[in-house]
**Student:** 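I'd like to ask you about the structure that follows.
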Amino acid sequence: MLRGASVVLRPAVRADAPALAAIRATPEVRMRWRGGEDLETEVLTGLDDPGTHCLAVEHGRRVVGMIQWYAEEDAEYRHAGIDLFLDPSVHGRGLGADAVRTLARHLVDDHGFHRLVIDPAADNTAAIRCYTKVGFRPVGVMRQYERGADGTWHDGLLMDLLAAELIR
């Protein structure tokens, strides 16, 4: 369990799937995370992925989102990547930055990662602003990086953070 200023991050469990699926179903989150008809099954599949560490984000003892991380363990390229979604009802309160900062501290301090990456959609200004508050910097635009719900390709922004740049 990881404690931030306002959030608690704990391993997500199967019992969290209905709440996480409901958050994923909100228009604001679905636009970025997409998904099929059965979001609960998709959440459960993600929780079972051995290469991804899924943490429930709690605020006030309520699950308000999920933050996940993966590791590139090749010694020549070792780094960790982060992604998250939060319930739109808690957007604008600093909980995203708190969750990212809390996980980043854990990855740097406890796992020894010297570099972290995150890749928001290039037009997701709120997410970019959130990650910048933690110390992430833009590396470059990944053109036509992901397919949108409308079937067209959209740009992504690669951002990274070096351990010494983490704003604690």
**Student:** So, does His79 use its side chain to make a donor-acceptor pair with the main chain of Glu72 at under 3.5 Å?
**Tutor:** no
**Student:** At their closest point, which heavy atom of Ala80 faces which heavy atom of Leu107, and how far apart are they?
**Tutor:**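 Minimum heavy-atom separation between Ala80 and Leu107: CB-CD1, 4.1 Å.
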**Student:** What residues, two or more places apart in sequence or in another chain, satisfy side-chain contact (heavy atoms from CB on, under 4.5 Å) together with Val8?
**Tutor:** Met1, Arg3, Glu58
**Student:** Hey, are the side chains of Val64 and Arg93 touching, using non-hydrogen atoms and a 4.5 Å cut-off?
**Tutor:** no
**Student:** Should Leu47 and Val63 be regarded as members of a common hydrophobic cluster, given that ILVMFWY residues are connected when their side-chain heavy atoms come within less than 4.5 Å of each other, either directly or indirectly?
**Tutor:** yes
**Student:** Which heavy-atom pair separates Phe113 from Ala71 by the least distance, and what is that distance?
**Tutor:** CZ-CB, 3.7 Å
**Student:** If you measure from the Lys or Arg side-chain nitrogens to the Asp or Glu carboxylate oxygens, is any gap between Arg78 and Glu73 under 4.0 Å?
**Tutor:**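 A salt bridge is present here (some side-chain N lies under 4.0 Å from a carboxylate O).
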**Student:** Can you pull out every salt bridge (Lys or Arg N to Asp or Glu O under 4.0 Å) where at least one residue sits in residues 136-158? Sequence neighbours excluded, please.
**Tutor:**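 Listed once each, the pairs are Arg137-Glu165.
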**Student:** Are Met31 and Tyr145 linked, directly or through other ILVMFWY residues, by side chains that come within less than 4.5 angstrom of each other?
**Tutor:**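 The answer is no; the residues belong to distinct hydrophobic clusters.
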**Student:** Applying ring pair (Phe, Tyr, Trp, His ring centres under 6.0 Å), which residue pairs with at least one partner in residues 30-55 are found, sequence neighbours left out?
**Tutor:**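 As it turns out, the ring pair (Phe, Tyr, Trp, His ring centres under 6.0 Å) pairs with a partner in residues 30-55, which skip direct neighbours, are Trp33-Phe85, His53-Trp69.
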**Student:** Under 4.5 Å between any side-chain heavy atoms of Asp87 and Arg62, yes or no?
**Tutor:** yes
**Student:** Working to the nearest 0.5 Å, report the span between CG of Asp83 and CD1 of Ile118.
**Tutor:** 6.0 Å
**Student:** Is it true that a side-chain atom of His59 and a backbone atom of Val57 form a donor plus acceptor pair closer than 3.5 Å?
**Tutor:**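 Here the side-chain-to-backbone pair does not exist.
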**Student:** Grab the two heavy atoms, one from Leu116 and one from Ala104, that are nearest each other, plus how far apart they are.
**Tutor:** CD1-CB, 3.6 Å
**Student:** Only pairs under 3.5 Å count here: list side-chain donor-acceptor contacts from residues 16-24, not counting sequence neighbours, and write none if there are none.
**Tutor:**
residue, atom, partner, partner atom, Å
Asp16, OD1, Arg10, NH2, 2.8
Asp16, OD2, Arg10, NH1, 2.8
Asp16, OD2, Arg10, NH2, 3.4
Asp16, OD2, Val13, N, 2.9
Arg24, NH2, Arg34, O, 3.0
Arg24, NH2, Glu42, OE1, 3.3

**Student:** Leu44, Met66: one ILVMFWY side-chain cluster at the under-4.5 Å cut-off?
**Tutor:** yes
**Student:** Using side-chain heavy atoms (C-beta onward) and a distance below 4.5 Å, is Gln68 in contact with Asp49?
**Tutor:**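 Side-chain contact under 4.5 Å: no.
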**Student:** Just verifying a value: how many Å separate Ile167 CD1 and Arg105 CZ, rounded to the nearest 0.5 Å?
**Tutor:**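 It is 12.5 Å, given to the nearest 0.5 Å.
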**Student:** Which heavy atom of Val29 sits nearest to which heavy atom of Pro88, and what is that distance?
**Tutor:**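 Nearest pair, atom of Val29 first, then Pro88: CG2-CD, 4.0 Å.
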**Student:** Looking at every non-hydrogen atom in both residues, tell me the closest pair between Cys130 and Gly96 and how far apart they are.
**Tutor:** SG-C, 3.4 Å
**Student:** Any side-chain heavy atom of Val7 sitting closer than 4.5 Å to one from Arg101?
**Tutor:**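 Not in contact.
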**Student:** Among residues at least two apart in sequence or on other chains, which ones pass side-chain hydrogen bond (donor to acceptor under 3.5 Å, both in side chains) with His106?
**Tutor:** Asp110, His111
**Student:** Quick one: do Val100 and Leu2 end up in the same hydrophobic cluster if we chain Ile, Leu, Val, Met, Phe, Trp and Tyr together by side-chain heavy atoms under 4.5 Å apart?
**Tutor:**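 Shared cluster, yes.
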**Student:** Pick out which of Thr102, Leu84, Leu103 makes a side chain to side chain contact (heavy atoms under 4.5 Å, CB included) with Leu55.
**Tutor:** Leu103
**Student:** Please find the pair of heavy atoms, one from Asp98 and one from Ser6, that lie closest to each other, and give the distance.
**Tutor:** OD2-N, 2.6 Å
**Student:** So, do Met159 and Val134 sit near enough that their side-chain heavy atoms are less than 4.5 Å apart?
**Tutor:**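 They are not in contact (no side-chain heavy atoms under 4.5 Å apart), so the answer is no.
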**Student:** Report the residue from Ile82, Val117, Ile128 that forms a side chain to side chain contact (heavy atoms under 4.5 Å, CB included) with Phe136.
**Tutor:**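 Output: one option passes, namely Ile82.
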**Student:** Could you state the interatomic distance from CG (Leu166) to CG (Asp109), rounded to the nearest 0.5 Å?
**Tutor:** 7.5 Å
**Student:** Name all pairs fulfilling the side chain to side chain donor-acceptor pair (under 3.5 Å) condition that reach into residues 121-133, sequence neighbours left out, sorted by first residue then second.
**Tutor:**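 Pairs touching residues 121-133 that pass the test: Arg32-Asp123.
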